[in-house]
Amino acid sequence: MSVKLHDLITKVRESTTTSGIREIISEECVQIRNAFRKEDTKNRPRNISKLIYIDFLGFPTDFGQVECLKLIAHTSYVCKRIGYLGLSVLLTENEEVLFMSTNIIRNDLASENKFIVALALSSLGNIGSVEMLRDLAPEVEKLLKSQTAYIRKKAALTAIRTIRFVPETVDRFVGCVKSLLSDKNHGVVVGGIQLLIEILKIEPKSISEFRKLVPGLLRMLKSLVDAGYAPEYDFEGVTDPFLQVFILRLLRILGKDSKKYSNQMIDILTQVGTSSGLNKNVENCILYESVSTILTVESPNRLRVTAINTLSKFLSGKDNNMKYVALNTLLKGVNKDSKSLKRHRKVIVKCLRDKDISIRRRALDLVFGIMNKKNVKELTQELLDCLPKAEHDFRFDITAKVCTAIEKFSPDDQWQIDTLVQVLTIGGQYIRDDVIAIMTHVTGRNQELQYYASKKLYNSLLDDRYRNQKFIQVAAWVIGEFGDILLKKSIEENESIDPSQIIDLCQIIITSSRNDDLTKYFILNTLIKLSTRIEGFNETIKEIIKPFMKHVNIEIQQRACEYFRLFEDKELLVFSFDRIPVKDDNMEKQEIETVQEDQTANENSMKNTNTQENTDQQFSPNNNQSGQGTEMNIMGGNNVVSQNKTQETSSIENLLQLDFNNNNNNQNVNKQTTNIQNQQSNQSTEDFLSDIFGTNNNPNSNNTQNVQNTKIQNVMGILGTENGMGTGRGTGMGTGMGTGTGRGMGRGMGTGMGTGMGTGMGKGMGRGMGRGNVNTQKKNPSAIIYNQDGLKIQMNFKLVSVNGIPAAMVQTIFTNSTPTPMTDLIFQVAVPKHLQVQMAPPSSKIIPANNIGKVTQTFRVIKKQNIKIKLAMMTRIQYKINGMPISKQQEVKNLPLIF
Amino acid sequence: MIKFILIVNKLGQTRLAQYYTTGLSINKRVALENEITRRCLSRKDKECSFLEFRDLKVIYRRYASLFFLVGVDEEENELGILEFIHCLVETLDKYFENVCELDLMFNIDKAYMILDEMALNGNIIETNKKNIIAPLHIIDQVSKKLK
């Protein structure tokens, strides 16, 4: 006997415990299953309704999917309705069952009953999968021209889904849009406008054609605005606000970057934008949309000022919703009108202290948006004032913004250091990992600052050694790096600091159980650096380091052992921990101009892996990710390229270029593996790498270790993880010791130990090579292998040779044109048997939205047999968008590369 | 575009859920609903009706014991969505005559029909109450005759 939905709900509501509900539901599910098995057609709609309810409660209902199909195939409307409802609630587009419904939907779309057609359209529009939408696109197009307005409006929205999922069908619908816009039924017009907006997103080129619609749209808007009381579409005295909003939104898109059409809009925008509003939500809603439109299109200044004033009225009002949208709009229009915005700074800053987190977050973004060199001091202070009172999550946002402000807008160096120390003191635990990179950047320039920073940090650490870990780490780095300057200058200023006091402080920190392992690495580095900078403390430092040779953390243990041994070779010690070279800002500019640097850097990183694998001088791996053992080795570790973060420009990546350019020492660097050498040999003289390879290539060197072995890895990555720490140091050290005397390498080691400078160098080098390679790159073919759902994948091919066998270096570039970032990207490639593929990891797992950035991943295809073939491959792309996993597999043929 | 429309009661139990994005497994959906509801319900009356959650913006409004939550992306007019929620509530009210939680639960299919008339594929389509309810009335009459 099947219970009614009503009774089931009552039963569930009567149950007070979760386990009770679970029992009722599982019992009911058994009943429903049995009914399905017995083909109980009479109760099928009721059972599906119950399943929908069960689904809301969060229980699995997948066994009902096939029954939904049976229901929609039924002739009765009531059954169909429940069936389609079940289909959209119980199913997702990834289910195969859905595809089976394609034909039923096709039949229903051709039905004479408009309600059945509408049902089919709705469910196709809500849940249709790519295949279904592609198959049914002709039917949807036909229905757009239907006699019934009720169907036309639904077809318009189904068309939106069709072009969103299957962009190539867009041509089908372009022709129908105009007639939809001139429809009498408001619903159809609303659908038509939204369809047009979607078409313009996919086909931005067609905008000039659709701009001709502007006068008509303006007329429509005007009639709505001027219309008196229209009972059908009246919302508290406003006629169809939704249609008005949609028209304004479309005008915004059409008027953008077009002076001519923007001018046509001025009158009506002035009329709408200056209407009183501020009382009712409906009025504000239109006002808000019109302000966004005014700020986006090419409107005259006076109109813009009015718009911004309206927003500031919103801001100073009591309604939090208005505040929120005002901040949001100001944020979008911030670049164009920063002058008029600045007048409202006080109001915005006040919002930073609002009780509502949504408003505070928006205000923070906006404060950052209006920041420049002139007001950075005040605004940063405001941010810092908010920090102690903010809640946990928000603190991360604030410190991140402060750090960026310090880097980007700094008016003077001393302020930078003061602010950095301040933010470290009050919010150190919430700060992002690259703060040390900022510090190295800031202090790199002159001795005064180095002294100032080290004195400031040292004194505050002396006052209170229980500061947060980040603070201690930064202080440790600075004191280690500039310890000698600190001592020297303090004597000059008659505030002499006792060197033993510094060492004592280090000892206290490193032995304290309050401090974590990362901090201990930093202190170890500080100590070893101080041993080269301050005379007479070697024995003390050795004594401090000694116990750590048996430390439980393998990284610390290894490091302590290595340092301990280094004391035996004074010369090497001193030279290894030499101060990092000063960063040259001009170099950085050059870097930015070079477009392809990152690409080639990636390629190089891969070459590195392979060259390194071939070397006979293998060090024990200490990279946790490589999954190999962590056996102790005094020489340091060798690692396999694990991560290749090419995010922002690291502040120090270029340091070594200068170093190399000045490197007149005839210390042999190393012998290159021939292929790379060949590639690099025709570079310009500016390219320091070719300098090295060209002039310093010493055939006597018996070491095939490659300079490039220093990993191309971002400093931030290094600072962030234990792994990274090991990497920077391990490689730098390995190479330095291995080649015996390479000065550049030695530097790599010293700095690598400090802050991951070694890898900064690696990157600098990779980039250097990249610049050299630009000339050859241009000739290389490329192809777009995938362009769907906003994800575009481009492949750049390049022929190289590996030990004499031709190979293809393929650089894959991922870009994302959707407004949401794609996360958890996995890209896999399979090639035919006679080929072999070696993949480097992607530069990031997240593809930023709106084409803002790109992700690159490089792989190499090597031939196993030396026959001439055309490259073909199978690719699989997996990513998540809005947390939803998407997986696509496709064969890539006809690539423009034969090798 | 609208990503989802949720109706929950003040205990956080889902009474209606319509997703316009696909591919969410039931576990993830339940987790998402719980998280969003928890956050919205804990907000105070005076705070604004918008909540940023991951890459979504949730616009919510409370009517007696029911919360109406709408998840949207960046492009949507937040105030417009508030108005849409209001329109939805008024329509439900008009059809059910003083709508309450139980009306929605017992007549979930009708509630869905109303929603389907008003929005499709994450886009607003019809906001005229009479137009929305008209098809429902026709269907009600026909099914009465059948009985």
Side-chain angles (χ1 to χ4, degrees), chain A residues 5-6 9 49 52-53 55-56 58 60 77-78 81-82 85 89 92-94 115 118 122 125-127 150 153-154 157-158 160-161 186-187 190-191 194 232-233 235 240-242 245 249 281-282 284-285 288-289 320-321 323-325 328 355-356 358-359 361 819-821 882-886, chain B residues 3 13-18 20-30 32-33 43-44 46-52 54-56 73-75 77-80 82-84 86-87 102 105-106 108-109 112-113 116 119-128 130-131 135 138-139 142-143 146:
Chain A
L5 172 66
H6 192 292
I9 294 174
S49 311
I52 293 170
Y53 175 67
D55 187 73
F56 287 158
Y77 176 80
V78 180
R81 205 184 64 194
I82 296 287
L85 179 60
V89 176
T92 56
E93 65 176 315
N94 298 332
F115 292 113
S122 298
N126 280 338
I127 52 166
Y150 183 62
K153 70 178 179 194
K154 299 225 166 192
L157 293 199
T158 312
I160 295 179
R161 189 180 178 92
H186 282 201
V190 166
Q194 294 183 82
E232 237 193 315
Y233 283 98
F235 283 81
D240 205 346
F242 295 97
V245 165
R249 194 175 299 167
N281 184 49
V282 199
N284 289 336
C285 154
Y288 167 48
E289 195 71 35
N320 268 352
N321 286 350
K323 273 190 201 170
Y324 178 90
V325 293
N328 209 7
K355 278 183 186 154
D356 190 343
S358 298
I359 289 183
R361 239 177 243 282
T820 33
N882 284 336
M884 274 164 250
I886 292 174
Chain B
K3 303 275 180 188
Q13 291 161 323
T14 308
R15 288 301 170 233
L16 186 145
Q18 173 72 59
Y20 297 109
T21 47
T22 35
L24 272 181
S25 71
I26 186 153
N27 289 337
K28 277 192 181 158
R29 213 185 61 204
V30 171
L32 179 84
E33 281 172 19
R43 283 171 69 85
K44 297 182 189 78
K46 276 193 177 172
E47 294 181 333
C48 69
S49 316
F50 316 121
L51 177 84
E52 280 158 43
R54 296 192 202 146
D55 51 350
L56 282 171
D73 62 8
E74 269 301 310
E75 291 166 33
N77 180 329
E78 296 89 346
L79 301 177
L82 274 182
E83 204 52 46
F84 173 76
H86 190 63
C87 183
L102 280 177
M105 290 172 76
F106 294 149
I108 191 72
D109 53 331
Y112 263 109
M113 272 196 79
D116 271 352
L120 200 121
N121 185 28
N123 297 304
I124 298 172
I125 179 74
E126 184 61 78
T127 47
N128 178 335
K130 229 161 83 195
N131 288 358
I138 296 176
I139 289 153
V142 173
S143 37
L146 283 180

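Order of the sequence lines sets the chain letters (A, B, ...), proteins ahead of strands, with each chain counted from 1. These numbers were taken from a predicted model, which means no experiment stands behind them.
Comparing Val282(A), Thr820(A), Ile359(A) by heavy-atom pairs within less than 4.5 Å of chain B, the highest count is held by Val282(A). Listed options Val30(B), Asn123(B), Asn131(B), Ile138(B) were ranked by heavy-atom pairs under 4.5 angstrom with chain A; first place goes to Asn123(B). Per-residue counts of heavy-atom pairs under 4.5 Å with chain B were compared for Asn320(A), Val190(A), Leu157(A); the largest is that of Leu157(A). Of the listed residues Arg43(B), Met113(B), Glu83(B), the one with more heavy-atom pairs under 4.5 angstrom with chain A than any other is Glu83(B). Of all the listed residues (Ile886(A), Val78(A), Ile160(A), Ile52(A)), the one sharing the greatest number of non-hydrogen pairs under 4.5 Å with chain B is Ile160(A).
Between His6(A) and Phe106(B), the two ring planes are parallel [angle under 30°; tilted spans 30° to 60°].
By the 4.5 Å heavy-atom criterion applied to side chains, Tyr20(B) and Arg161(A) are not counted as neighbours. Counting heavy atoms from C-beta on, the side chains of Asp240(A) and Thr127(B) come closer than 4.5 Å. For the pair Phe50(B) and Asn328(A), the minimum side-chain heavy-atom distance is 4.5 Å or more. Annotation: side chain of Tyr77(A) is not in contact with side chain of Val142(B) (no heavy-atom distance under 4.5 Å). With contacts defined as side-chain heavy-atom distances shorter than 4.5 Å, the pair Leu120(B)/Gln194(A) does not qualify. The side-chain heavy atoms of Glu52(B) and Tyr324(A), taken from C-beta on, include a pair separated by under 4.5 Å.
If you measure heavy-atom distances from Lys154(A) to chain B, the contacts under 4.5 Å come from both the backbone and the side chain. Using a 4.5 Å cut-off between heavy atoms, Gln13(B) does not touch chain A at all. For Leu85(A), the part sitting under 4.5 Å from any heavy atom of chain B is the side chain, from C-beta outward, and nothing else.
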Run the side-chain contact (heavy atoms from CB on, under 4.5 Å) test on His86(B) and Asn281(A) for me, step by step, so that the C-alpha distance in whole Å, both residues' side-chain angles and the decisive distance to 0.1 Å come before the verdict. CA-CA 10 Å; His86(B) 190 63; Asn281(A) 184 49; over 6 Å; no
Tell me, with the steps shown, if Ile82(A) and Asp109(B) meet side-chain contact (heavy atoms from CB on, under 4.5 Å). CA-CA 7 Å; Ile82(A) 296 287; Asp109(B) 53 331; 4.0 Å; yes
Would you sort out whether Met105(B) and Leu5(A) count as a side-chain contact (heavy atoms from CB on, under 4.5 Å), showing the intermediate values? CA-CA 9 Å; Met105(B) 290 172 76; Leu5(A) 172 66; over 6 Å; no
Which is it for Gln18(B) and Asn126(A) under the side-chain contact (heavy atoms from CB on, under 4.5 Å) test, yes or no, and what are the steps along the way? CA-CA 9 Å; Gln18(B) 173 72 59; Asn126(A) 280 338; 4.1 Å; yes
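The closest side-chain donor-acceptor pair between Glu126(B) and Tyr150(A), if any, does not fall under 3.5 angstrom.
Nearest heavy-atom pair across Phe115(A) and Pro135(B) is CE2-CB, 3.3 Å. Considering all non-hydrogen atoms of both residues, Leu51(B) and Ser358(A) come closest at CA-OG, 3.7 Å.
When Ile124(B), Leu79(B), Asn77(B) are each tested for a side-chain contact (heavy atoms from CB on, under 4.5 Å) with Val245(A), only one passes: Asn77(B).
With respect to the salt-bridge test (charged N to carboxylate O, under 4.0 angstrom), the residues Asp356(A) and Lys44(B) do not qualify.
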